[in-house]
Amino acid sequence: MNFIDWKRNLEIVLTAEGYKFALTDPKPDEPPENASAVVKKSYQQWVKASEMSHCYMLASMTNVLQHNHEKFSTAAELLSNLEELFGHQSRPARQSTMQMVMNTRMAEGTPVREHVLQMMGYLNVLEVLGASIDPETQVNMILNSLPPSFNQFKLNYSMNNLSYSLSELMNSLQTVERVIKNDHSLLNLEKCSSSKLKPKGKNMK
């Protein structure tokens, strides 16, 4: 079983179906008879999400693994056991992906959107592989990978204690990129105009 690929695909499916919270949120206590309708509904939603996640997981396993994991009552318990069995596979992959995050640098003049998407992909893989990186650190990792043309943006971010989600960061960087390109185009235009104004021919003594 390729646990890394299996878990990545599982999380994609469960996220799309709206059931992933059953793997991350603790199992709620069963509400008493006199509990409010809201509390009962919340409990039923968690139970359904766990049951559906459990079914998706068993359906994607080999017959042998199915037989060995049918005893687990919740999807979270089932996943925890699989991580104990196969989690060692993710360690070298996690180290390799972290190296890519730390070593990737955006080349000056290349599209910032493509670079940020690449970095976000690496960070997503790290999350799937079990790495826990807080949002602020993720943003700083991307900022550290940017070329010198974004130094002013990085300085403003640090001095003003700004806070961005990854999508907000990408939008802001694209705005800065457009400003940088406009400034560069204006500078080239000024140089061209200055060159045309210079007199031609020999200097008069």
Side-chain angles (χ1 to χ4, degrees), residues 1-25 49 53 56-57 60 75-76 79-80 82-83 85-188:
M1 178 181 184
N2 188 326
F3 179 72
I4 297 171
D5 290 342
W6 177 87
K7 185 179 179 183
R8 183 187 300 117
N9 292 331
L10 173 70
E11 292 198 349
I12 291 173
V13 172
L14 296 184
T15 299
E17 296 291 340
Y19 298 140
K20 187 181 176 182
F21 70 93
L23 300 180
T24 57
D25 295 355
S53 299
Y56 278 122
M57 294 164 77
S60 61
L79 181 61
S80 178
L82 287 173
E83 287 177 333
L85 291 174
F86 302 106
H88 63 279
Q89 296 179 1
S90 66
R91 196 171 299 117
R94 185 166 60 241
Q95 293 172 347
S96 175
T97 306
M98 181 62 77
Q99 280 294 108
M100 286 190 284
V101 172
M102 302 306 294
N103 295 333
T104 298
R105 292 292 180 270
M106 175 183 163
E108 196 72 75
T110 58
V112 70
R113 183 177 186 275
E114 293 181 8
H115 174 73
V116 175
L117 287 175
Q118 181 184 33
M119 294 291 287
M120 289 170 65
Y122 290 151
L123 292 169
N124 182 64
V125 171
L126 284 172
E127 183 180 356
V128 171
L129 294 174
S132 179
I133 305 176
D134 64 90
E136 183 178 357
T137 300
Q138 292 183 19
V139 168
N140 285 327
M141 285 178 165
I142 293 176
L143 290 177
N144 289 335
S145 71
L146 299 175
S149 57
F150 289 89
N151 283 349
Q152 186 60 51
F153 176 84
K154 292 190 284 186
L155 181 63
N156 290 339
Y157 178 86
S158 177
M159 292 185 63
N160 294 304
N161 294 317
L162 300 178
S163 178
Y164 289 119
S165 67
L166 293 183
S167 59
E168 289 171 340
L169 175 66
M170 182 166 66
N171 291 335
S172 295
L173 289 175
Q174 287 181 285
T175 300
V176 173
E177 180 181 52
R178 287 192 290 271
V179 172
I180 292 172
K181 287 182 177 179
N182 289 337
D183 289 346
H184 186 68
S185 297
L186 182 60
L187 179 61
N188 287 338

Quick check: does any side chain N or O of Ser172 sit under 3.5 Å from a backbone N or O of Glu168, one acting as donor and the other as acceptor? yes

Residues two or more places apart in sequence or in another chain: which of them pass salt bridge (Lys or Arg N to Asp or Glu O under 4.0 Å) with Glu11? Lys20

Side chain of Asn124, backbone of Met120: donor and acceptor closer than 3.5 Å? no

Quick one: list whatever passes salt bridge (Lys or Arg N to Asp or Glu O under 4.0 Å) with Arg8, sequence neighbours left out. Asp5

Spell out, as yes or no, whether a donor-acceptor pair under 3.5 Å connects the side chain of Ser145 to the backbone of Ile142. yes

List the residues meeting side-chain hydrogen bond (donor to acceptor under 3.5 Å, both in side chains) with Ser80, not counting sequence neighbours, and say none if there are none. none

Between Tyr56 and Glu17, is there a side-chain heavy-atom distance shorter than 4.5 Å? yes

Compare all side-chain heavy atoms of Leu169 with those of Gln138 and state whether any distance is below 4.5 angstrom. no

Taken to the nearest 0.5 Å, the spacing of Asn171 CG from Arg113 CZ works out to 9.0 Å

Output yes when a side-chain donor or acceptor of Thr104 lies under 3.5 Å from a complementary backbone atom of Met100, and no otherwise. yes

Looking at every heavy atom in both Ala49 and Phe21, which two are closest together, and how far apart are they? CB-CZ, 3.4 Å

To the closest 0.5 Å, what do you measure between CG (Leu162) and NZ (Lys154)? 14.5 Å

Considering all heavy atoms, the nearest Glu108-Pro148 contact: OE1-CD, 3.4 Å

Residues in side-chain hydrogen bond (donor to acceptor under 3.5 Å, both in side chains) contact with Thr137, at least two apart in sequence or another chain: Asp134

Locate the shortest heavy-atom distance separating His115 from Leu146; write the atom from each residue and the value. CD2-CD2, 4.0 Å

Between Ile180 and Val176, is there a side-chain heavy-atom distance shorter than 4.5 Å? yes

The side-chain hydrogen bond (donor to acceptor under 3.5 Å, both in side chains) partners of Gln152 (sequence neighbours excluded) come to Asn156

Pairs involving residues 131-177, ordered by first then second residue, that meet ring pair (Phe, Tyr, Trp, His ring centres under 6.0 Å) (sequence neighbours left out): Tyr157-Tyr164

Taking all atoms of both residues into account, what is the closest heavy-atom pair of Val112 and Glu177, and its distance? N-OE2, 2.9 Å

Of all heavy-atom pairs linking Pro111 and Met106, the shortest is C-CE, 4.2 Å

Taking all non-hydrogen atoms of both residues, which atom of Leu23 and which atom of Ala76 are closest, and how far apart? CD2-N, 3.9 Å

Derivation of the salt bridge (charged side-chain N to carboxylate O under 4.0 Å, His left out) call for Glu83 and Lys7: CA-CA 10 Å; Glu83 287 177 333; Lys7 185 179 179 183; 2.9 Å; yes

Check whether any side-chain heavy atom of Met119 lies under 4.5 Å from a side-chain heavy atom of Leu166, and answer yes or no. no

Output the distance between atom CE (Met102) and atom OG1 (Thr97), rounded to the nearest 0.5 Å. 13.5 Å

CG of Asn161 to CD of Glu136: how many Å apart, nearest 0.5 Å? 8.5 Å

